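Residue indices begin at 1 and follow the sequence shown. Indexing begins at 1, ligand by ligand and atom by atom, following the structure's order. Bear in mind that the values here come from a model prediction, so they are computed numbers and not experimental data.
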Amino acid sequence: MKLVIISNRLPVSLSEGEGGLQFSQSPGGLASGLRTYLNSPSCKVGSGYVWVGWPGRSVAPELEAEVTRRCREEFSALPVFLSPEDTEAFYEGFCNSTLWPLFHYFSTLVSYREEHWAAYERVNRVFCEAALQAIEPGDLVWIHDYHFLLLPALLKQKLPDLRVGFFLHIPFPSYEIFRLLPSSWRSAVLDGMLGADLIGFHTHDYTLHFLTSVRRILGHEHEMGQVILADRVAEVDTFPMGIEFDTFSGRATEETMVRARDDFRKSLGNCRAVLSIDRLDYSKGIANRLLAYKVFLEDNPSWHARVVLIMVVVPSRTGVEDYQRMKSQIDELVGNINGKFGTPAWTPVIYQYRSFPQEQLLPMYAASDVMLVTPLRDGMNLVAKEYVASRADATGVLILSEMTGATSELGEALTVNPNDIPGMARAIAVALEMPADAQKQSMQAMRERCRRYDVVRWAGDFLDSL
Ligand code: GDG
């Protein structure tokens with residue numbers, strides 16, 4: 001028995017180098033968590049796996065065979081090639097202009113275009129055909145995320161005995177939001193997901209929202225999360241995703257990391273560090289965070305020249321107009337704050353619009369006194385958990401939006417509403433002034449929880465249930 005994992009992006013990056021295409025394993029996250037689980041003694045699904053997904057860029061037709069061979073031999077991966085038109089209408093279209101804003105409660109940003117829906121159906125079928133090439137009798141299939149809501153049922157139709165799991169990484173919205181989808185789409189989406197034997201969400205609320213939509217739109221009742229269908233039962237349950245806790249926590253105490261953390265601290269002079277890291281996305285609430293920091297500086301002149309906000313914004317979906325507009329708004333706000341409060345010796349916001357290798361993120365987590373995680377909506381938010389794991393001495397304060405999935409597990413954080421700008425400004429002041437004992441008490445409890453339910457345990461629980 002092997003595990004067939006299906007996700008939009010393969011955990012393999014392709015880039016063009018001098019000697020032609022270069023292949024590298026994408027670090028961290030789901031891929032390395034799953035590998036750790038598959039190699040662990042607790043693994044019950046056999047150790048073999050194949051990963052089916054898009055390689056992240058268009059590949060010239062004459063190179064497809066070579067890319068397929070190298071992905072199979074070096075990464076146990078099966079690449080699915082998409083035309084630029086399908087990438088546009090499926091990925092940027094239905095996935096990121098319909099499902100993403102809708103499921104994150106940005107209903108006014110949702111586009112409803114028939115041709116995007118058609119591409120979504122088409123690409124789900126393309127992935128079904130590709131996965132069928134990799135699947136053998138007795139295999140387990142684990143499908144990930146909102147790109148493939150139709151795929152579980154497509155696979156089940158072809159192979160009724162196949163064991164299929166599906167996990168949604170983003171929120172499942174309340175029925176009142178979900179039903180904004182045209183009726184034939186919303187029924188197809190729910191039927192598609194119910195093709196899985198096990199459907200997993202990050203939080204109990206998302207699980208309940210899904211079950212409510214299933215009952216009200218399709219008329220299927222459930223008993224304790226088991227949806228009774230005509231010929232089978234689909235199980236719906238909650239699996240809050242964790243991180244590689246031991247890796248983050250262990251690395252934080254390595255000599256090179258400690259040195260990098262101390263160097264980073266030294267570079268900030270006498271200033272305390274408040275950190276924020278996210279992909280550029282309207283769901284992450286970056287502008288509100290800056291506004292809150294501005295109010296904090298206005299209300300707390302005693303902190304001037306004693307604090308910096310280190311704001312890492314990772315470029316994302318750069319081709320989409322909404323994202324370009326958001327980037328300009330952030331640039332402007334940063335300029336505004338630095339222009340208003342900064343001095344030749346002090347820059348209140350250190351803004352980095354780029355991604356960093358993990359070796360550089362870790363010292364930032366370890367050096368920062370406060371972590372500001374304030375999304376307007378977020379399925380889970382792993383950055384919050386990574387900060388907790390990186391605080392090996394249990395100091396540091398996490399300010400966490402109550403609109404994240406992570407808030408249900410990290411109750412000891414300073415919880416904020418990301419729409420309450422003065423409330424967030426006050427939380428920054430409270431965090432910076434929190435005594436070490438109080439910091440440690442909260443951080444210790446959060447560390448214990450993140451340690452116990454790490455990504456290996458998460459993958460193990462899901463696959464065991466499946
Ligand atoms: C989706 C859901 C859910 C960030 N910057 C850099 C970098 N990162 C890494 C972080 C973290 C990951 O990216 C971001 O994960 P998040 O969970 O915070 O957010 P999304 O990308 O939106 O993820 C989310 C998640 O899926 C899992 O289910 O939690 O709700 O939206 O691991 O460390 N990594 C590197 N350089 C960077 O500059 N190397």
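- Classification of the Phe167-His144 ring pair by plane angle, with boundaries at 30° and 60°, yields tilted.
- Using a 4.0 Å cut-off between charged nitrogen and carboxylate oxygen, Asp262 and Lys266 do not count as a salt-bridge pair.
- In terms of polar-atom proximity, defined here as any N/O pair under 3.5 Å, Asn381 does make such a contact with ligand 1.
- Of all the listed residues (Asp278, Leu361, Ile277, Asp378), Asp378 holds the heavy atom that lies closest to atom 30 (O) of ligand 1.
- No part of Tyr387 comes within 4.0 Å of ligand 1, judged by heavy-atom distances.
- Each of the atoms 39 (N) of ligand 1 lies under 4.0 Å from some heavy atom of Gln358.
- Between Phe172 and Phe103, the two ring planes are perpendicular [angle over 60°; tilted spans 30° to 60°].
- By the 30° and 60° cut-offs, the orientation of the rings of Phe248 relative to Tyr365 is perpendicular.
- Using the six-membered ring where Trp is involved, Phe90 and His147 have ring planes that are tilted, between 30° and 60° apart.
- Under 4.0 Å from ligand 1, heavy atoms of Met380 appear from its side chain as well as its backbone.
- A tilted orientation is assigned to the rings of His209 and Tyr206, their planes being inclined by 30° to 60°.
- Not close to ligand 1: Phe248, with no non-hydrogen atom less than 4.0 angstrom away.
- Annotation for ligand 1: atoms under 4.0 Å from non-hydrogen atoms of Val314 are 5 (N), 6 (C), 38 (O).
- Of all the atoms in ligand 1, the ones that sit under 4.0 Å from a non-hydrogen atom of Trp100 are 31 (O).
- Considering backbone and side-chain N/O of Ser355, none are found under 3.5 Å from N/O of ligand 1.
- Near Met241, the atoms of ligand 1 lying under 4.0 angstrom from a non-hydrogen atom of the residue are 27 (C), 28 (O).
- Using the six-membered ring where Trp is involved, Tyr120 and Phe94 have ring planes that are tilted, between 30° and 60° apart.
- Between Gly379 and ligand 1, at least one pair of N/O atoms sits closer than 3.5 Å.
- Across Arg457 and Arg452, no two heavy atoms sit closer than the pair NH1-O, 3.5 Å.
- Taking a 4.0 Å cut-off on heavy atoms, Lys284 registers as neighbouring ligand 1.
- Nearest-residue assignment for atom 32 (O) of ligand 1 (options Glu386, Arg354, Glu359; heavy-atom criterion): Glu386.
- The aromatic rings of Tyr323 and Tyr282 sit tilted relative to each other, their planes meeting at an angle between 30° and 60°.
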